Amino acid sequence: MGSGLASKYSVRWRESRASCHVSWSTIGLATFPREVEMASDDAEKIRVKREMEDNESENQSGSGKPPGMETPRRKKEEDIVEIPVWKRAFQRSAVWPDKDEFLDVIYWMQQALALIVGLLCGVLPLKGFLGFAAYGATSCLAVFWYSTNFQDVDLDDTFGDKTTVLKEGFPSSLATFLVTWIMVYTALHAF
Amino acid sequence: MLSDAILILVVSCIASAIGEGLTWVLVYRTERYKKLKAEIDRQVKKVEKKKKDETSVSKNKKKILDREEGKLKNNNRELSMVKMKSIIAIGVAFSAMLSIFSALFEGKVVAKLPFQPFSLFQGLSHRNLLGTDYTDCSYLFLYILSTMTIRQNLQKALGFAPNRASAQGGGFFTPPTPSK
């Protein structure tokens with residue numbers, strides 16, 4: 001019974017030790033030999049949990065960001081991330097730890113582009129299919145140029161395929177383009 | 001003609017603002033929504049990270065990954081249930097505006113289209129308009145387009161837009177996976 005009790009307490013103690021790993025090492029009291037063989041399956045569970053934690057910590061210190069972006073180790077990344085997103089959007093080959101941030105920048109770029117192209121098509125005026133072709137061409141070219149040349153983001157590695165960047169916010173940027181085009185055209189050329 | 005078009009644009013801004021405001025009051029402010037959203041964001045990050053290191057997938061990790069995804073789907077489902085109230089509120093705001101418009105702009109040409117819409121959209125853009133000049137645009141077409149634009153941008157700007165990974169993770173219509 002004694003050993004059962006001991007193993008139960010040591011399990012709870014070990015679990016608490018596993019969670020407050022840092023505090024033990026700082027106090028330097030890590031006297032408990034880690035590899036004490038425990039017969040019960042708790043040991044198995046704890047080893048699996050420990051293995052996952054080690055993996056996660058190794059993973060974090062290794063390449064915490066998508067491999068496609070060759071940027072400095074995670075530690076240095078933290079002080080770079082302080083730069084707000086919209087400033088980084090205009091920086092050449094900036095650091096993008098979170099791809100959602102990058103997609104937000106692409107989304108707003110698509111919207112701005114739709115507005116400008118809509119304005120131009122309305123003023124010229126471009127009619128019929130020409131307008132759609134103009135919008136389609138400029139938005140594709142701009143998105144690809146921005147992500148590959150200006151920001152050096154490898155599309156295949158980060159998003160798995162090239163079209164995610166294109167599809168980002170597509171229906172609403174098309175709607176923005178159409179509304180601007182129709183409004184400007186009606187204002188200037190409808191009478 | 002132009003003044004009508006601008007009026008429609010302004011009114012669709014107001015309708016979207018009302019819709020988002022209602023949603024904020026009904027849904028986004030509630031504790032349950034915030035808790036759910038935070039949980040989903042965390043899980044999405046965890047699942048994405050686990051998926052990425054696909055190479056060293058041991059049997060255990062696969063099981064854990066599946067369980068995580070199951071939980072994520074359930075949370076998504078619950079989130080869309082919570083959002084159901086807001087969808088209804090926006091639907092009401094949208095159709096209320098529509099009925100006001102149809103009274104005001106019935107049969108009036110609101111804008112001139114610089115293109116000939118496909119036959120599919122002609123029913124929309126030429127609704128109840130006399131004549132066969134399909135470049136005439138009725139209020140419905142313009143209203144739908146401007147609502148599409150403004151609402152999505154409003155949601156994005158206010159940060160209410162669902163994040164991408166959970167949006168693809170299946171929402172209301174996927175059957176609940178029993179979490180193992």
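Just so we're on the same page: letters track the sequence lines, and every chain starts at 1. Reckoned from all heavy atoms, side chains included, excluding hydrogens, waters and symmetry mates. Please read these numbers as outputs of a predicted model, since none were measured by experiment.
- Partner of B/L145 under the side chain to side chain contact (heavy atoms under 4.5 Å, CB included) criterion, out of A/L178, A/T176, A/L174: A/L178 alone.
- Hydrophobic clustering (ILVMFWY, side-chain heavy atoms < 4.5 Å, transitive): A/L115 and A/L124 are in distinct clusters.
- Taking the six-membered ring for Trp and the full ring otherwise, the centers of A/F129 and B/F115 sit at least 6.0 Å from each other.
- When heavy atoms are compared at a cutoff of 4.5 Å, A/L130 does not approach chain B at all.
- A/M183 contributes atom CE, which lies 5.0 Å from atom CD1 of B/I6 (distance to the nearest 0.5 angstrom).
- The minimum heavy-atom distance between B/M148 and A/P171, with the atom names listed, is CE-O, 3.6 Å.
- No more than 12 heavy atoms of other residues, nucleotides or ligands lie within 6.0 Å of CZ in B/F121, so this atom counts as exposed by the packing criterion.
- Between the OG1 atom in A/T186 and the CG atom in B/D4 there is a gap of 10.5 Å [rounded to 0.5 Å].
- In the hydrophobic clustering of ILVMFWY residues, with side-chain heavy atoms under 4.5 Å counting as a link, B/F141 and B/I100 come out together.
- In terms of heavy-atom pairs under 4.5 Å with chain A, the best-connected choice from B/N153, B/V110, B/L142, B/I150 is B/N153.
- Counting heavy atoms from C-beta on, the side chains of A/I182 and B/P114 come closer than 4.5 Å.
- Here CZ of B/R151 is found 11.0 Å from OG of A/S172. Values are rounded to the nearest 0.5 Å.
- By the rule that hydrophobic residues join a cluster once side-chain heavy atoms approach within less than 4.5 Å of another member, B/L36 and B/L72 end up as members of one cluster.
- Top candidate by heavy-atom pairs under 4.5 Å with chain A, chosen from B/I144, B/L113, B/T147, is B/L113.
- Remark: B/K112 is not positioned above the aromatic ring of A/Y185, lacking an NZ or CZ atom under 6.0 angstrom from the ring centre and at most 45 degrees off the axis.
- When the candidates B/P117, B/A157, B/C137 are compared by the number of heavy-atom contacts under 4.5 Å with chain A, B/A157 comes out ahead.
- Cluster annotation: B/V10 is connected to A/V179 through the hydrophobic network of ILVMFWY side chains, with a link wherever side-chain heavy atoms come within less than 4.5 Å.
- Hydrophobic cluster membership is shared by B/M97 and B/L124, with clusters built from Ile, Leu, Val, Met, Phe, Trp and Tyr side chains linked at under 4.5 angstrom.
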